Amino acid sequence: QQGRILVKLLLFAASLRHDSENKRLIQLVTEQLGNKGITVDLANFSEFDVPLYHGDLNAEKGIPAGAQNLINRMNQASGTIISTPEYNYS
């Protein structure tokens with residue numbers, strides 16, 4: 001439609017647990033955004049296989065493939081919503 005801004009959001013829960021409450025929350029947000037006509041790229045955190053940052057390895061070998069996948073997906077989106085677990089009030 002003319003004059004309408006197209007929005008694409010990347011959503012994922014930063015939890016690997018199968019029955020994560022954060023995954024359920026992201027699913028609810030996905031449904032609400034879909035009802036508003038917003039395009040959602042719903043990802044599973046395990047798709048990215050992102051290791052802890054290690055500057056020396058990054059300099060030697062470059063960005064790990066999983067991290068590059070995350071970067072690419074984020075670059076293709078207008079924005080990102082991440083639901084993260086909280087452990088022991090941290």
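In this text the structure is predicted, and so the values were computed from the model without any measurement.
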Contacts of type side-chain contact (heavy atoms from CB on, under 4.5 Å), residue Asn75, not counting sequence neighbours: Ile71

With sequence neighbours excluded, give me every salt bridge (Lys or Arg N to Asp or Glu O under 4.0 Å) pair touching residues 5-14. none

Pairs touching residues 51-66 that satisfy salt bridge (Lys or Arg N to Asp or Glu O under 4.0 Å), sequence neighbours left out: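 Sorted result for residues 51-66: empty, none.
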
Residues which pass side-chain contact (heavy atoms from CB on, under 4.5 Å) with Val40, listed by chain and number, not counting sequence neighbours: Leu11, Thr30, Leu33, Leu42

Just to verify, what does Thr84 make a side-chain hydrogen bond (donor to acceptor under 3.5 Å, both in side chains) with, not counting sequence neighbours?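 side-chain hydrogen bond (donor to acceptor under 3.5 Å, both in side chains) check on Thr84 returns nothing, list empty.
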
Residues two or more places apart in sequence or in another chain: which of them pass side-chain contact (heavy atoms from CB on, under 4.5 Å) with Ala67? Val50, Ile63, Pro64

Once salt bridge (Lys or Arg N to Asp or Glu O under 4.0 Å) is applied, what residue pairs with a partner in residues 39-50 remain, sequence neighbours excluded? Asp41-Arg73, Glu47-Arg73

Residue pairs, two or more places apart or on separate chains, that pass side chain to side chain donor-acceptor pair (under 3.5 Å) and touch residues 10-19: Ser15-Ser20

Which residue pairs satisfy the ring pair (Phe, Tyr, Trp, His ring centres under 6.0 Å) criterion with at least one member in residues 63-84, sequence neighbours excluded? none

For Leu28, enumerate each residue passing the side-chain contact (heavy atoms from CB on, under 4.5 Å) test, keeping only those at least two apart in sequence or located in another chain.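 Here the qualifying residues are Glu31.
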
Give me the other members of the hydrophobic cluster that Leu52 sits in, counting Ile, Leu, Val, Met, Phe, Trp and Tyr linked by side-chain heavy atoms under 4.5 Å, directly or via other members. none

What residue pairs, at least two apart or across chains, pass ring pair (Phe, Tyr, Trp, His ring centres under 6.0 Å) with a residue in residues 31-51? Phe12-Phe45, Phe12-Phe48

